[in-house]
Amino acid sequence: MSIPSAFLQDLLARADLVEVVGRHVALRKSGANYLGLCPFHGEKSPSFTVSPAKQFYHCFGCGAHGNAIDFLMAHTGAGFREAVHDLAAQVGLTVPEEERSPEQRAREAAQRRAQQTLTELMAQAARAYRAQLKASPRAIDYLKGRGLTGGIAKTYGLGYAPAQRRFLSTVFADYQDARLVECGLVIEGDGDEARRHDRFRDRIMFPIRNVKGEVIGFGGRVLDGGEPKYLNSPETPLFHKGEELYGLYEARSAIRQAGCALVVEGYMDVVALAQLGFGHAVATLGTACTPEHVRKLLRFTDDVVFAFDGDAAGRRAAQRALAAALPWAGDTRRFRFLFLPPEHDPDSYIRTHGAEAFAAALAQATPLSRFVLEVAADGCDLATAEGRARATAQARPLWQALPEGALKRQLLHELADLAALEVRDLQQLWQDAAPPARGPAHASRPAAAPPGRTVRSSPHATAPTPQAPPPAAAPRTRWPARPDAAALQARRAARGLLGRGDRIARIVLTTPEAWDWLTADDHALLAQEPPPHGPLFAWLEAQWLEHGPQPWAALREGLRGQPFEALAVALHDSGLGLARMDDGAADDAPTDAAEMRRELRELLRRMRIEALKQLETALLARAGSDPDAQARYREVVAERALLQQGDDSI
């Protein structure tokens, strides 16, 4: 649901930016403004100012600026909606939820209260574990032996879970509380409360925080040679390991200052690296790197380095990280891969060779493009035709997962060189390898994009490229048909062409930057369209506000389960027709960004004219008894006349 702009204006008017920023930055009065050290880059002399009159912050050092919502998004890494809800809670407002039924609102409110209770339990446990660490010489000696200081232990909130079976019974008044099991602190044996015991015993405790700083889980490491070496909290209503990164809350400022994020595999790697000056490290939580991990990191930086052991397990982990990063690897983002010697992890390497050696290794990390070539050639003898053929097959899904752009086109040339083929031959080879269409409803796609143009990739990372055209005798349609697009094709056939809403949606779905071309009034107009287009546009606006322009692969994942999923997928796939075919482009398909932008403006102009006509009808019905309606009617007629003359600057 789109948040009304009127509510956002009211929210920003009520919020005190000095108070909002002051919770995170030490500010002092300086004339009419407030001054402090910028939280977005390292500085010794304050250049970060907050204006109470303008309700605006600005850093003269790094250029960061914005309002209260912008600050919360930038500083905490929260998405747009999350930042709005956070700010609204601070000023005592409720974000409008008109599209939810009272029952849904009640359920969501109850869920929020339950999660808050679980968060409080986790915070209480974290405090108890920290207190136990101070009282345990054995645990302190272990951390000192790993080279950690009390300062770094405090920064990351390290603690110690005693060896007692039911230590937490001394922390919580009701050890039988079912919520202790729900948040993963306690294990209940076969439903028998008498057999209940603490999950973590005799372990160094690493609290896992979300971007707000709330403890949502724990990782525990044994002090001796016991197994498992590391034990994590289970999946809970608070904690989903495929979405969270250890150390991200603590690393936010360091990531911005370093200009990149360093992803490692272990808790101790993160803490040890921070101890020696690499505070921009984070760790996955006992699971492979996921697209959600990458998306979360990209809120803070466009440069990510994955650091893995150099053994076979490390290479496999790196390949999974590559798969997660490929859909996000746009032309302005950089992903690199660092492989350490097989006998080292980041913690042991930096202690053995020193910080300078580790920094030098980071500088030599393998770029994503080169790693793609290495993965494609893995296990292939490139001196033989058979080996090169296998490499092309392994390269195809990797290349197709990349978003459209210069990187993808350049990599195509390098993959062609790897295979000892011409670029056109490699494209044709992959085209021919696509699964054939099945059934009369599956129309064939164009054979190849013309020079300088690339056919857009399909919504799935391993989806086939457009197929070769059918024999001349077979009929050919311009738009690909798919089983889940049957309703759309039937509608289009009934009226002979895509409707106005369809065509606008097709452009914004196939061209991520297109949403930036539209004004706030355009967004509001589109969101008012009847279903399914209106809800689709409202959803796209929420995605754009929270994440900015996103590649189709990211949008496709977010669309799953939405009522307009089938429509969006069908319209995106019809965007394949935007590339010219051998016999000419579709008559309503733009051929470049400028043409697409002009088409978008024209479609919106016509849509606005239709909306004004409907408003005129409604005002005319009220004009007999409402003088204000008469005046407004004349204004609307004049506005429509300007639009019909081609002026869409209103």
Side-chain angles (χ1 to χ4, degrees), residues 2 4-5 330 403-405 452-456 478-479 488 491-492 495-552 555 564 567-568 570-580 584-617 635-650:
S2 175
S5 58
E404 294 300 333
R453 292 190 62 80
T454 303
V455 176
R456 295 183 180 275
R478 283 174 174 153
W479 304 97
L488 173 68
R491 235 181 25 249
R492 182 178 185 273
R495 59 178 184 260
L497 74 165
L498 293 178
R500 198 171 290 137
D502 293 327
R503 294 167 69 188
I504 294 173
R506 183 185 65 182
I507 292 174
V508 298
L509 286 167
T510 56
T511 311
E513 67 272 21
W515 202 253
D516 287 331
W517 302 341
L518 305 179
T519 67
D521 288 340
D522 294 333
H523 294 172
L525 179 67
L526 292 172
Q528 292 168 7
E529 284 288 287
H533 295 88
L536 170 60
F537 288 127
W539 182 85
L540 284 169
E541 181 186 34
Q543 294 292 307
W544 175 77
L545 287 170
E546 182 169 354
H547 307 295
Q550 296 184 88
W552 169 248
L555 285 175
F564 38 78
L567 172 63
L571 288 172
H572 173 271
D573 288 357
S574 74
L576 292 169
L578 297 179
R580 290 186 183 277
D587 54 5
D588 61 343
T591 58
D592 58 32
E595 221 175 309
M596 216 177 294
R597 193 165 185 166
R598 282 193 294 272
E599 182 188 31
L600 197 56
R601 295 308 317 161
E602 177 59 16
L603 288 168
L604 281 160
R605 186 179 72 87
R606 295 178 186 177
M607 183 176 285
R608 192 174 287 114
I609 289 172
E610 291 300 320
L612 290 174
K613 286 181 178 178
Q614 294 177 17
L615 181 56
E616 287 173 22
T617 302
E635 293 173 1
V636 171
V637 170
E639 185 177 344
R640 178 170 59 83
L642 284 174
L643 283 173
Q644 288 178 325
Q645 293 168 13
D647 181 359
D648 70 344
S649 62
I650 299 172

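In what follows, residues are counted from 1 in the order of the sequence shown.
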Original post:
Just how far is it from atom CG of Leu612 to atom CD of Glu610, taken to the nearest 0.5 Å?
Top reply: 9.5 Å
Subject >> Gap separating the CG atom of Leu509 from the CH2 atom of Trp515, nearest 0.5 angstrom >> reply: 9.0 Å
Original post:
Considering all heavy atoms of both residues, which atom of Gly501 and which atom of His533 are nearest to each other, and what is their separation?
Top reply: C-CD2, 3.6 Å
Original post:
When rounded to the nearest 0.5 angstrom, what is the spacing between CG in Leu600 and CZ in Arg503?
Top reply: 10.5 Å
Subject >> CA sep, side-chain torsions, deciding dist, call: Met607, Ile504, side-chain contact (heavy atoms from CB on, under 4.5 Å) >> reply: CA-CA 10 Å; Met607 183 176 285; Ile504 294 173; 3.6 Å; yes
Original post:
Leu518 versus Leu526: any side-chain heavy-atom pair under 4.5 Å?
Top reply: yes
Original post:
Are Glu602 and Arg606 ion-paired here, with the side-chain N under 4.0 Å from a carboxylate O?
Top reply: yes
Subject >> Closest contact, heavy atoms only, Ala611 versus Leu525 >> reply: CB-CD1, 4.0 Å
Original post:
Which distance, rounded to the nearest 0.5 Å, do you find between the CG of Leu603 and the CZ of Arg608?
Top reply: 12.0 Å
Original post:
Does the pair Thr511 and Glu404 meet the rule for a side-chain contact (heavy atoms from CB on, under 4.5 Å), with working shown?
Top reply: CA-CA 9 Å; Thr511 311; Glu404 294 300 333; over 6 Å; no
Original post:
Of the non-hydrogen atoms in Trp517 and Arg601, which two are nearest, and what is the gap between them?
Top reply: O-NH1, 4.2 Å
Subject >> Nearest-0.5 Å distance, CZ of residue Arg506 to CG of residue Leu567 >> reply: 12.5 Å
